[in-house]
There are 2 protein chains.
Amino acid sequence: MKTIDTEQSAEPEGRRSIGARRNPDSAEAILEAAEAVLLESGYAGFSIEAVARRARAGKPTIYRWWPSKAALLLDVYRRQKGDVGHPDTGSLEEDLYQLARSLFTLWRDTPAGPIFRSIIAEAQSDAKAAEALADYGAERRRHSGRMTERAIARGEARPDANPKVVADLVSSYAWTHLLTNRLDEDDDTLRAAIRTIVRGVLA
Amino acid sequence: MKTIDTEQSAEPEGRRSIGARRNPDSAEAILEAAEAVLLESGYAGFSIEAVARRARAGKPTIYRWWPSKAALLLDVYRRQKGDVGHPDTGSLEEDLYQLARSLFTLWRDTPAGPIFRSIIAEAQSDAKAAEALADYGAERRRHSGRMTERAIARGEARPDANPKVVADLVSSYAWTHLLTNRLDEDDDTLRAAIRTIVRGVLA
DNA sequence: CTCCATCGATACGATACGTTCCGTTATATA
DNA sequence: TATATAACGGAACGTATCGTATCGATGGAG
């Protein structure tokens with residue numbers, strides 16, 4: 001995931017800039033507060049001021065280290081996402097199912113879900129968040145495309161199958177279910193979706 | 001699509017409520033202004049005040065007829081979406097491709113795209129917009145599920161294929177491409193995505 | 001001890017939300 | 001035609017948030 005500006009590369013040249021040393025305790029408290037606010041009030045209640053109040057920090061301190069709400073959001077996400085596994089079971093359908101299921105579970109049962117939703121929402125009105133999100137998505141598709149590549153290599157999938165397209169279909173399915181509160185989908189339906197991608201629907 | 005509260009059913013009982021007659025010219029001007037603002041400035045610039053300025057209307061006039069930004073957004077979308085066709089070519093793959101292509105084109109070349117993005121964004125922080133969006137999505141999946149139902153009936157698709165899942169996969173793919181600025185996807189890739197759903201990737 | 005960067009706190013201008021009031025205009029009824 | 005009714009545009013309000021500016025206090029480094 002792209003960094004936007006978080007680490008404020010070396011010399012911001014903004015103030016006197018002799019030594020910009022960030023207080024780790026303060027930054028950590030802010031990130032924790034941001035996560036807590038996001039979890040309790042969702043994207044609607046996520047404001048810099050709410051985060052500052054909760055962290056007992058000053059707003060300027062937040063703005064000193066994060067140039068925008070989007071940057072803070074991305075840092076919060078990066079800080080705690082449990083990076084879903086990319087299993088290698090020997091069966092493409094099983095691999096993709098486990099990928100999708102762990103995404104659904106992660107997003108439903110951990111702060112990662114609300115946080116990721118917030119980033120997507122923010123990206124609809126913040127160009128930098130949009131770019132970061134696009135980079136992140138492309139990297140994820142490349143990564144989970146490996147599953148299909150392996151299936152092609154072992155002769156399970158057709159050589160002309162498009163790994164990125166397969167990854168795109170799976171992650172698109174997960175995204176829209178996240179965005180429309182459908183992460184509680186029953187296992188049969190999720191399996192049917194993955195089976196459709198792998199086997200198709202033709203008679 | 002659910003109406004939220006737009007038409008303010010009959011007797012609002014809010015004021016004296018003898019006859020609440022809406023001025024069609026005014027309402028039309030507001031909807032046109034909202035569409036124009038959305039097109040020019042996107043979701044970021046879409047504010048009630050901006051719409052009121054552009055329509056030369058008073059804010060209270062807007063709030064009288066639309067209870068929230070989300071309601072106005074939904075009305076704008078409903079007013080001008082060209083309702084993509086649901087072709088019946090005799091081939092499921094061709095039907096789904098044409099559905100997806102017309103969705104991509106509609107969203108890329110008309111105001112419907114930015115407007116729909118805005119509704120999705122709004123739904124992430126407005127419960128009523130979220131519910132309306134969920135209803136709309138369910139109705140769309142039911143509707144485009146007909147394509148797969150026909151394919152099953154004519155023996156093209158397996159009887160155990162799940163029409164709603166197929167529709168969900170196609171629309172999810174379109175949604176995420178809308179949300180991540182990838183509506184300009186080349187035809188080969190879009191066809192590959194549809195082909196994957198219909199035929200799968202197995203050797 | 002003396003710098004000096006960071007800190008929390010507070011205040012600020014700007015923008016937007018949603019509401020209230022006011023004076024005007026248009027329409028329906030008598 | 002005359003009157004009542006209600007929607008209208010406009011202005012202002014109080015609240016909330018954004019992002020910035022300024023302050024005195026704290027604490028580590030030389």
Side-chain angles (χ1 to χ4, degrees), chain A residues 4-5 8 10-31 33-34 37-38 41-73 118 121-122 125-129, chain B residues 4-5 7-8 10-31 33-34 37-38 41-73 118 121-122 125-126 128-129:
Chain A
I4 280 194
D5 236 352
Q8 213 141 10
E11 296 281 318
E13 204 66 36
R15 298 264 166 242
R16 276 169 214 94
S17 77
I18 292 186
R21 57 180 175 250
R22 178 193 199 145
N23 182 339
D25 292 348
S26 178
E28 190 64 16
I30 288 166
L31 286 169
V37 167
L38 215 35
S41 317
Y43 181 56
F46 184 74
S47 71
I48 297 289
E49 282 174 327
V51 172
R53 272 195 302 272
R54 172 129 198 163
R56 255 189 280 262
K59 270 200 299 174
T61 303
I62 297 181
Y63 280 106
R64 184 189 302 278
W65 301 118
W66 291 275
S68 67
K69 218 159 81 157
L72 179 55
L73 230 25
S118 302
E122 187 76 11
S125 58
D126 181 306
K128 284 194 293 186
Chain B
I4 281 195
D5 236 353
E7 288 301 332
Q8 214 141 13
E11 295 281 316
E13 203 68 36
R15 299 264 168 242
R16 275 169 216 96
S17 80
I18 293 188
R21 56 181 179 249
R22 176 188 196 150
N23 182 340
D25 291 349
S26 179
E28 190 64 18
I30 288 167
L31 287 169
V37 167
L38 215 36
S41 317
Y43 181 55
F46 184 74
S47 72
I48 297 290
E49 283 175 326
V51 172
R53 272 195 300 272
R54 171 130 196 162
R56 255 189 280 261
K59 270 201 297 176
T61 303
I62 298 181
Y63 279 106
R64 185 190 304 276
W65 302 117
W66 291 276
S68 67
K69 218 159 82 157
L72 179 55
L73 229 25
S118 303
E122 187 76 12
S125 58
D126 181 307
K128 283 194 292 185

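Protein chains get the first letters and strands the later ones, always in sequence-line order, with residue 1 at the start of each. Small disclaimer: the values here were computed from a predicted structure and weren't measured.
At whole-Å resolution of the value, CD1 in B/Ile62 and C1' in D/dA7 are 14 Å apart. To the nearest angstrom, P of D/dC8 lies 16 Å from NZ of B/Lys59. The nearest whole Å value for the distance from the CD atom in A/Glu49 to the P atom in C/dC12 is 15 Å. We find that CD1 of B/Ile48 is positioned 11 Å from P of C/dA16, with the value rounded to whole Å. In this structure, CZ of B/Arg53 is placed 9 Å from P of C/dC17, rounded to the nearest angstrom. Across the protein-nucleic acid pair, B/Phe46 atom CZ and C/dA16 atom P stand 12 Å apart, rounded to whole Å. Between B/Arg54 atom CZ and D/dG9 atom P there is a gap of 16 Å when expressed in whole angstrom units.
You'll find that the side chain of B/Thr61 is closest to D/dG9, out of D/dG9, C/dA16, D/dT17. Proximity note for A/Lys69 (side chain, C-beta onward) versus D/dC18, C/dT6, D/dT20: the nearest is D/dC18. Across D/dA7, C/dG8, C/dC17, the shortest atom-to-atom separation from the side chain of B/Tyr63 is found for C/dC17. Listed nucleotides C/dC7, C/dC21, C/dC17 differ in distance to A/Arg64; the shortest reach to its side chain belongs to C/dC7.
B/Ile48 contributes atom CD1, which lies 11.5 Å from atom OG1 of B/Thr61 (distance to the nearest 0.5 angstrom). The structure places CG of A/Leu31 at 4.5 Å from CH2 of A/Trp66, a figure rounded to the nearest 0.5 Å.
For the residue pair B/Tyr43 and B/Ala121, the shortest heavy atom distance occurs at CE2-CB, 3.6 Å. Between B/Ala52 and B/Gly58, the closest heavy-atom pair is CB-C, 4.4 Å.
For B/Trp65, no side-chain nitrogen or oxygen approaches OP1 or OP2 of D/dA6 to under 4.0 Å.
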